[in-house]
Each structure stands twice: as C-alpha cells, then as structure tokens.
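Scope of the values below: all heavy atoms of this structure, side chains included, with no hydrogens, waters or symmetry mates. Start at 1 and go down the list; that is how both ligands and their atoms are numbered.
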Amino acid sequence: MERSKRTRLVHGGTKRSQWGEMSEAIFLTQGFVYETAEAAEARFVKAGDDEFIYARYGNPTMRMFEERLSGYLGFEDGFACASGMAAVNGALMALTKAGDHVVASRALFGSCLYVLEDVLARFGVEVTLIDGTDNAAWEAAVRDDTRLVFLESISNPTLEVIDLAHVCKVAHAKGALVLCDDAMATPVYSYARACGADISIVSTTKHVDGQGRMLGGMICGPKELIRGPIEAYMKHSGGAMNPFTAWTHLKALETLELRVRAQAQGAMALAEALNGHEKLNHVRYPTHAAHPQHELARSQSEAGGTVLCFDIKGGKDACFRFLNALEIVLISNNFADAKTIATHPATTTHQRLPQEQKDILGITPGLVRLSVGLEDTRDILSDLLQALESA
Ligand SMILES: *Cc1c(COP(=O)(O)O)cnc(C)c1O
C-alpha cells in the first residue's frame, strides 16, 4: 500500500527480530556470528542487504534508521554517520581526488569551510568559493573539470536562500554532482531532492534528535554512490554512527513532523511579531515577507525552518544587554533544540572569521540567531519583548 511521508516516519525501515518486538530493537553488538565457516566466507565475498559483518560497516539498528530517514527525504539510500561533520567530511573525501575542482557557496558552517579550504586543499583539490545567492556566480564558477558543488540550502546564521534548482541545472550541465548541506532547511521542509540535488547531508544532531542529546549525521543519495564510494570510505575510516544513537534517532523520527511543524510555525509567528520593532534594524525568516528572498524561499518550500535572525540597534553592547535579560530563552550556540536558544554569532560560532568575512556574510555585532523551541510561543515572545526593553 502507498504510504505517505508522515506514515513512513513511524514505520519506515522497521525490521523485527524473531521476538516480534513493538519498539525497534537496539543491537548493541560489534560483531555477528555465522552458522558455518562457509557462511562466513560467503558473507565476506558479498554481504546481502540485511547481512552484517561488523558495526563499523553497518548494524541492524543503524540500517533501520538509514532506510527510514533517507526514504522520508526521497533518496534511494543513506549512510548513518557519527556526526553531521563526519557526514560532510565523508561525502567530500569519498567523492573527490587530487586535481578535482569544487565550487562552494561562501556562507558555510565553519567546520565545512575547514574541510573544504584546509583538508581538501592539502590533498590537491581546488576549491572556488562564491556568493551562493548569485545565480550568475555559479554559472561563471562551474567548469568542465568541476567534480561537485557544495552549498547550504539556507545559510547559517544570516538565513540566505540559494536557488537550488538553478544550481543543479548549472552543475549537471557540466557533469558535476550537487551536495546540499540541509541542516537549516530541516528534513521536514527539505527541497534538496525535489530541486534535483544528488546528495543531501543531514546533521541529525539538529532536528532529527531535536532534544539536544545525540550527535549524528547522514549522507543520503543514490544507491550507486551510497553503497559505492561513500560506504567504502565511511566503513574503512571509522565515521559510522553508533547503534544507541541510531535507536534514539529512530524513536525521534516518529515525532519529527509534529515537532518541526510546531517550531516553524513559532518561528514565523515570532518573525511577524518582531518585524518593525523599534529596537531592531531588521528581522529575517526565509518565508516571511520581510526577507528579501521570500519569494524564492516560498517557491522552494512551505516553510523556512525553525530559526530566525534579527539585528539589534546599538551593536554588541545593546545585544549583550538583550541576551543577559532573557529569562526563558537560553544563551547557547546550537540550534534545533526543544528549548529556544539565542546565539550571538559574531562572538561565538563565527568569532574566528576575519572582520572582512563577517562583513561580507552580514554577521553584524547586533545579529542574534534565534532557534525556536517547543515552548508556548506567547511565552517566548513576552520574554523577547521584555529583554528588548533592556537593549
Ligand atoms: C551543525 C551543522 C553541521 C555539523 O553537524 P554536527 O552534527 O554538529 O557535526 C554541519 N553543517 C551545518 C549547516 C550545521 O548546522
């Protein structure tokens, strides 16, 4: 029977043991045993889809999670990784070699920039960074020898939106793969597959866990890449997810849509309520009318994720007075938690960027990134408004 996406979040990938357990089993085992020496030999020649050898290569709990999340996102398969960065690093290392050219959007998560600019460059991969919101810049940068392009569908922390279908068209015309880091878009509102991206990389630390507990990641894509070069690199280099994380994530997927839809509604409502506030220079949420690219954002997705940002007049001092006056909202650097979090990117997550880079990316001293949690939105709004009095 045809199953809708939401049903697949609850039932997708489930494999029951001979005991018929209701809740997915956690297989906390490193290894597997074989009936006979011949069976062991056969499995090492070629392991079937549900045959396992060693937990670094794969494990039944991890497999259930891979099938559930990658199927939900519309991809053929996925490889579950120890963190979002294990997934980003694994995908990039598995798919490039010395002499290749890579084009990436400049507005990237700091650790992604490190892997591209430091690690790949050391192995002879040429990386060109561009303004990802500029369609012409992609056309100019992608060449015949470009192996892949890498981008964040919605950038962190300024929430710039990339025209993903256009990037895919430009890249595919030159035979390049499109790798999309989908952390901000969220799995619920991801449009990576619909716009034609070859690979979606999910930091499952964010909305999949959603409750600030586990680190995890997944590389989703066509079977030929996932069970080919990506699995080969991941299983031999040791970045696999552990079974306990996979089990926690499986259970968390059951509530993913309920949580993320509520958080996105909260983010939109807060953007609407704060827009035009006298203490703010601007408010940004991708699908809100005050965002310069809201039409593009709305054409790509129903909602713009669970994070908004705003710029407080008076720079760092005013911004710190605001942060220190918050009573419910917590000061932290993560996002996509059930608890609402305020981040000051200029002094924390993006502190190490040189000033000129901060200027290019719009990371001003007054910028606050707000990750909306699962509290009553009215309480969060009251807290933000009273704290803005102090700014
Ligand atoms: C958080 C994040 C990552 C890294 O994920 P981890 O699970 O922390 O390793 C990568 N890219 C983006 C855009 C992120 O927000």
Looking at [X], which atoms of ligand 1 are within less than 4.0 Å of one of its heavy atoms?
X      : result
Ala183 : 12 (C), 13 (C), 14 (C), 15 (O)
Ser83  : 7 (O), 9 (O)
Ser203 : 1 (C), 5 (O), 6 (P), 7 (O)
Gly216 : 7 (O)
Phe335 : 15 (O)

What protein heavy atom lies closest to [atom]? Include the residue and the distance to one decimal.
atom                    : value
atom 9 (O) of ligand 1  : Met85 N, 2.8 Å
atom 4 (C) of ligand 1  : Phe109 CE2, 3.6 Å
atom 11 (N) of ligand 1 : Asp181 OD2, 2.6 Å
atom 6 (P) of ligand 1  : Gly84 N, 3.4 Å
atom 7 (O) of ligand 1  : Thr205 OG1, 2.5 Å

Nearest heavy-atom pair of [X] and [Y]: which atoms, and what distance?
X      : Y      : result
Asn275 : His288 : ND2-CE1, 3.7 Å
Phe65  : Ala246 : CB-O, 4.1 Å
Pro243 : Thr61  : O-CG2, 3.7 Å

Any salt bridge between [X] and [Y], counting N to O under 4.0 Å?
X      : Y      : result
Glu117 : Arg106 : no
Asp198 : Arg193 : no
Glu38  : Arg43  : no

Heteroatom distance test ([X], ligand 1): nitrogen or oxygen, under 3.5 angstrom:
X      : result
Glu152 : no
Leu215 : no
Cys112 : no

Decide if atom CZ of Arg213 counts as having more than 12 heavy atoms of other residues, nucleotides or ligands within a radius under 6.0 Å. yes
Given that the side chain starts at C-beta and the backbone is N, CA, C, O, which of these parts of Lys206 lies under 4.0 Å from ligand 1, counting heavy atoms, or is it both or neither?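 Side chain only; the backbone of Lys206 stays clear of ligand 1.
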Separation of Glu67 CD from Met62 CE (nearest 0.5 Å): 12.0 Å
Name of the residue among Asn156, Asn333, Thr349 meeting side-chain hydrogen bond (donor to acceptor under 3.5 Å, both in side chains) with Arg369: Asn156
